Asks: 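Before anything else, here's the structure in question.
The shown structure was predicted, so the numbers you read here are calculated from the model rather than taken from an experiment.
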Amino acid sequence: MYSTARLDNMDQYDDDTVYMQQEDDWDRDMLLDPAWEKQQRKTFTAWCNSHLRKAGTQIENIEEDFRDGLKLMLLLEVISEIVDGNAKMTLGMIWTIILRFAIQDISVEETSAKEGLLLWCQRKTAPYKNVNIQNFHISWKDGLGFCALIHRHRPELIDYGKLRKDDPMTNLNTAFDVAEKYLDIPKMLDAEDIVGTARPDEKAIMTYVSSFYHAFSGAQKAETAANRICKVLAVNQENEQLMEDYEKLASDLLEWIRRTIPWLENRMPENTMQAMQQKLEDFRDYRRLHKPPKVQEKCQLEINFNTLQTKLRLSNRPAFMPSEGKMVSDINNAWGNLEGAEKGYEEWLLNEIRRLERLDHLAEKFRQKAAIHEAWTEGKEEMLQKRDYETATLSEIKALLKKHEAFESDLAAHQDRVEQIAAIAQELNELDYYDSPSVNARCQQICDQWDSLGALTQKRSEALQRTEKLLETIDQLYLEFAKRAAPFNNWMEGAMEDLQDTFIVHTIEEIQGLSTAHEQFKATLPEADKERQAILGIHNEIAKIVQTYHVNITGTNPYTTINPQEVNAKWDKVRQLVPQRDQALIEEHARQQNNERLRRQFANQANVIGPWIQTKMEEIGRISMEMHGTLEDQLTHLRQYEKSIVNYKPKIDQLEGDHQLIQEALIFDNKHTKYTMEHIRVGWEQLLTTIARTINEIENQILTRDAKGISQDQLNEFRASFNHFDRDRSGTLGAEEFKACLISLGFDIANDSQKRTGIMDAEDFKTCLISMGYNLGENEFSRIMSIVDPNRMGIVTFQAFIDFMSRETADTDTADQVMASFKVLAGDKNYILADELRRELPPDQAEYCMARMAPYTGPDAVPGALDYMSFSTALYGESDL
C-alpha cells in the first residue's frame, strides 16, 4: 500500500514537473540505450550511496539491492521516495529524486533549474578561454569544464596551466579524483564512460555538475561573510594605528613644549654684553632651526586628528577622544603658553642688552670722573692741614688767605663733579650693575674725602681769617692770576673731560645734535684763547714787576698752584682732542647712516610681504567659502596656492637676513614700517597652517562625498546654507547659527523624530513655528550638537556640518550586519570557534578577533566558544571591547 501510494505520488510529480515536459530534446526512448543506461546506472548508484552512506550502508546493484525494500526504506528515511525493481522506472524515479533534491532548488537570476545550473557553469568558466559550456553533454567530454569549476573556486587543488584539451582522460580523472578527495563529491562516473560515448548522458552530467554547485555555493557565502568581516576589521585596525600615532605625536610635542618653556622663562641676566649676545644668538637658532619643525608637527597633528575623526564617522565608529591633556585644545593652549614665553623672552633679551650697554657706558663714565676727581684731591688734605701761616709774614698771611679763597672757589667748582659721581653710582645700583660693590666703595671713599675736605677747608679759613687783620700786603696780580687761572683751568679740564667723554646714540638726529654742540664748542675756542693770553699776560706782568722793582719772592704763586706751563699744556691738550672728537663724530654719523639704510631696506621688504600674507589669507578664505567648480577643482586651486606660497619662502628668508643685520647693529626701532619680524613670522606660520588645514578640509569633504555618495549639488546646497549663516565669515557656526542652518535645510529639530508625509499635523505645525523663530526642542538639538561638536567648543566647522548631513542621508555598515556575517562563518551558531576564524579570515585578522572576543557563556556553549555578538557591537561603540 505504501509503495503503491508513493509511486502514484511520484507519477503525479512526474506529470507536474515542468522541466520534464518542456525539454523536448530529452528522448525517453533513449533511456534504455545501453551506453546511456550504463552511465545513468553508475551515476545514480553513486548518488544513492551518497545518501545511504548517512545510514551506514550502500548498494552495489541498483535493480537488485532495492528489491527486498530494506535499503529502499533506508533511502526513504533519507529522501522520502520509493522505487521498485523496474530498471526504467528505477532510473526515472532516481532522476526525479535528483531533480527534486539536487537540481530543482538551483536558481540563477530567476531561471529554471536546468537553465540556472547551465548559467552558473557558464559564468564560473567564462575566464577560461579553452572552455565553452553550451549544454550538459558534449561540452564536458574533454574534462576541462570540471577542472575549470574546481580551479575557479579552489585554485590550489589543480595546476590548470598543465592541462591539455587533447587529453580528456587525464583531465576527467584529475577532476573526479580531486573532487572526491578534497571536495567530498563521490566519483559518480569514470572517465571512460564519458570519453567512450559520442554524446554523454545529460542527466548524469547534470547530476554530477549539481554536486559541484552545492559544494561551492556554501564556500561563496563564507567568502562573502569573511570579506565583510575583513573589511570591518581592517578599518578598525587602521583607526587604532592612527590613534596610537596621534597619541605619540601629541606626547612628543607636549614634552618638547614642556622642556622649552622653562628655558624661555629663565630671566637670569648675564654680567657681560658678550654673554647676553650669545643668549640672543641661541634664541635666533631656536626660532630658525628648532621651532619651525614643531610648527609643522602641530599642523600635522591637527590634520591627523581631523582625518581620523572623519574616518571614524564614515565607518560609523564613535569619535576618538585623546588621553587627558592631549586634546587639540590642550596642545593649542600649551602652544599659546610657549609663544607667550617666547615673546616675553625676546623682549627681555633686548632690554638686557640695552641695560648692559647703558651700564658699560655709565661705568666707564664713573671711572673717568672718579679718576679726575681723585687726581684733583691728591694732596689736598695734607695742604689744608699745614700750619704754615703761623710763621708767615703779613704778606705771606694775606697770600695764604687769598690762596685759600682761590681753593674754596676751586672746591665749589668741583662740587658738581662729586654730585655727578654720586648720581652715576646711584644709577648703576638701580640698573643692577654686577660690580656695584666696588663702585659703591669707591664712591663712598670719594664722598667721605669730600666731606673731610669741606671740614678742613672751613677750619683753615677760620684760622686765616683770624690772622687777616695782621696781614696788609698782598700781590693783586698774583690774586688776579689765581682768580682767572682757576676757572679757566677748570674750563679746560671740563673741556678735556667732555672731549674724551664716550657717547651712545641710536639715530642720525642724536648724532647731529652732538655734532652741533661740538661745533658750538669749537666756536668758543677763539674767546678761550684770548682768555688764555690774558692770563699769561698777567703772569708776564708779574714777572715784569718783579724784574723792574726787584721784588724778592720765593716759590710759586702763593694764591694758586696753576702755572703758565700747566695752562699751556692743558690748552695744547684741548686743541689735540678737538680733531679726535671730530673724527669720532664723523665715524658715528656714518654708522647711523648705515643703520638708517638697514631700516629702510627692511621696511621696503616688510611693507610688501606683510600685505601679501594678508591678501593670501583672504584669498584662501574666499576659496574655502565659495562654491566654484567641484571639490577636486577647489583642491587643485588650493594646491596651486600652496605651491605659490611655498615658492615665496626665499623672500621670508631674505627678510630674516635683513632682520639679523638690524639686530646685530643694535637697532631697536624702525619708523619706516609698522611690521616687525615677529609680525611677519606669525603671519607666515598662520598662512602655512591655514592653507594646510583648508586643503585637509577639502580632502575630507571629498572622502565624505565618495564614501557617502553625496552629489555635488547636495554639497553646494550644504555650503550655501552654511555660508549664509556664517555671517562673520569665520568658517564656523555658533550653536544658534547651526540650529538656524539645519532648519533652513528642512531638518527637523523637534525632540521626537518623525517622517515627512506632506501633511502638516500638530507636530508639523510645531516644526513650522520653530522655523519661524520659536523655541526649538532642546533634547534633540543637544543630541545633534554632541555629534557635530564632541569637544563642546561651542562652534560647528563646515567639515563637521558635512559629516552630520552625510550621516543623516547615507547608509553605512552596522553592528547587525557584521553580526550576521559572523553567524554565516559560524554555521548559524550563536558562537564561533578559533578554528573557524583561522579558516575563513586572514591570519592577522583572525588573531585580532581571538584576542578581543570574550568567551561565550550561553547555554549552548562549548569549550573554546567565542562571543562574536558582543565583539560586533563593540566595533561600533555600542559596548566596550
Side-chain angles (χ1 to χ4, degrees), residues 229-261 289-338 635 638-639 642 646 685 688-704 706-707 787-793 797 799-800 802-803 807 812-813 842-849 851-852 871 874-877 880-881:
I229 293 173
C230 290
K231 175 184 175 183
V232 171
L233 296 179
V235 170
N236 217 59
Q237 289 172 309
E238 181 184 3
N239 291 341
E240 288 182 356
Q241 184 61 46
L242 289 175
M243 294 175 190
E244 292 176 4
D245 293 343
Y246 175 89
E247 290 283 336
K248 184 178 186 305
L249 188 57
S251 299
D252 293 343
L253 184 58
L254 289 172
E255 176 61 21
W256 178 82
I257 294 174
R258 185 191 65 78
R259 294 196 312 269
T260 304
I261 288 179
L289 304 177
H290 304 303
K291 184 182 178 184
K294 298 303 177 182
V295 173
Q296 293 297 324
E297 289 180 13
K298 176 177 176 293
C299 177
Q300 189 62 44
L301 189 70
E302 295 179 4
I303 291 174
N304 291 349
F305 181 83
N306 293 334
T307 301
L308 174 59
Q309 297 293 40
T310 299
K311 289 186 175 182
L312 289 173
R313 285 190 291 270
L314 292 177
S315 59
N316 204 21
R317 269 55 167 192
F320 170 57
M321 292 297 293
S323 303
E324 184 176 357
K326 296 180 182 177
M327 297 287 293
V328 173
S329 58
D330 296 329
I331 294 173
N332 287 335
N333 291 337
W335 191 265
N337 295 336
L338 174 72
L635 184 59
L638 283 171
R639 284 176 173 160
E642 183 182 35
V646 172
E685 292 170 359
L688 293 178
T689 302
T690 299
I691 187 65
R693 185 184 296 114
T694 304
I695 288 175
N696 178 252
E697 289 177 355
I698 297 299
E699 289 173 341
N700 285 339
Q701 290 176 30
I702 292 174
L703 184 63
T704 301
D706 295 341
I787 296 173
V788 299
D789 185 20
N791 295 329
R792 300 183 178 178
M793 300 178 68
T797 65
Q799 182 60 42
I802 287 294
D803 291 340
R807 180 174 179 174
T812 60
D813 289 334
D844 59 332
Q845 295 186 343
E847 294 299 327
Y848 179 85
C849 292
R852 288 164 173 76
F871 175 77
L875 287 176
Y876 290 87
D880 295 329
L881 279 176

Asks: For S329, is there any backbone N or O sitting under 3.5 Å from a side-chain donor or acceptor partner on N333?
Replies: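 Pair found, side chain donor or acceptor close to backbone of S329.
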Asks: What distance do Q296 atom CD and K291 atom NZ have between them, rounded to the nearest 0.5 Å?
Replies: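 Separation between the atoms: 12.0 Å.
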Asks: Just wondering, are more than 12 heavy atoms of other shown residues or ligands nearer than 6.0 Å to CD in E255?
Replies: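 For E255, atom CD is crowded (more than 12 foreign heavy atoms under 6.0 Å).
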Asks: Could you check whether any side-chain heavy atom of L249 comes within less than 4.5 Å of a side-chain heavy atom of N304, counting everything from C-beta outward?
Replies: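 Sidechains of N304 and L249: in contact.
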Asks: Would you call M243 and L312 a side-chain contact if the rule is heavy atoms closer than 4.5 Å?
Replies: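 Heavy-atom side-chain distance check passes, below 4.5 Å.
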Asks: Using a 4.5 Å cut-off on heavy atoms from C-beta on, say whether the side chain of N236 contacts that of V232.
Replies: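 SC-SC contact between V232 and N236 ruled out.
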Asks: From T310 OG1 over to N696 CG, what is the distance, rounded to the nearest 0.5 angstrom?
Replies: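 These two atoms lie 7.0 Å from each other.
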Asks: Backbone N or O of V328 within a donor-acceptor pair of the N332 side chain at under 3.5 Å?
Replies: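 Such a contact is found between N332 side chain and V328 backbone.
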Asks: Taking all non-hydrogen atoms of both residues into account, name the closest pair between L233 and C849 and its distance.
Replies: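 So the minimum-distance heavy-atom pair works out to CD1-SG, 3.1 Å.
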Asks: If we only count heavy atoms from C-beta on, is the N306 to E697 side-chain gap below 4.5 Å?
Replies: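 SC-SC contact between N306 and E697 ruled out.
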Asks: Provide the closest heavy-atom pair for S315 versus V235 in the form atom of the first, atom of the second, distance.
Replies: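 Where S315 meets V235 most closely, the heavy atoms are CB-CG1, 3.5 Å.
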Asks: Could you grab the distance from atom CG of D330 to atom CH2 of W335, nearest 0.5 Å is fine?
Replies: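 Reported to 0.5 Å precision, the distance equals 15.5 Å.
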Asks: Can you tell if the side chain of I257 reaches within under 4.5 Å of the side chain of N337, non-hydrogen atoms only?
Replies: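 Not touching, per the 4.5 Å side-chain cut-off.
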Asks: Is any side-chain heavy atom of Y246 closer than 4.5 Å to one of T307?
Replies: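 When only atoms from C-beta onward are counted, Y246 and T307 do not touch, as no gap falls below 4.5 Å.
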Asks: Walk me through it: do K298 and E302 pass the test salt bridge (charged side-chain N to carboxylate O under 4.0 Å, His left out)?
Replies: CA-CA 6 Å; K298 176 177 176 293; E302 295 179 4; 3.1 Å; yes
Asks: Under the side chain to side chain contact (heavy atoms under 4.5 Å, CB included) rule, collect the residues that match up with E247, sequence neighbours excluded.
Replies: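 Listed in chain order: F320, P322, S323, K326.
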Asks: How close do A250 and I331 get, heavy atom to heavy atom, and via which atoms?
Replies: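 Closest approach of A250 to I331: CB-CD1, 3.7 Å.
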Asks: Which heavy atom in Q237 sits nearest to a heavy atom in D844, and how many Å separate them?
Replies: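 Of all heavy-atom pairs spanning Q237 and D844, the closest is NE2-O, 4.2 Å.
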Asks: Are E699 and R639 within salt-bridge range, i.e. N to O under 4.0 Å?
Replies: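 Result for this pair is yes, salt bridge flagged.
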Asks: Got a second to check how far S251's OG is from K248's NZ, nearest 0.5 Å?
Replies: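 The NZ atom of K248 is 8.5 Å from OG of S251, to the nearest 0.5 Å.
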Asks: Test N700 against Q309 for side-chain contact (heavy atoms from CB on, under 4.5 Å), laying out the working first.
Replies: CA-CA 10 Å; N700 285 339; Q309 297 293 40; over 6 Å; no
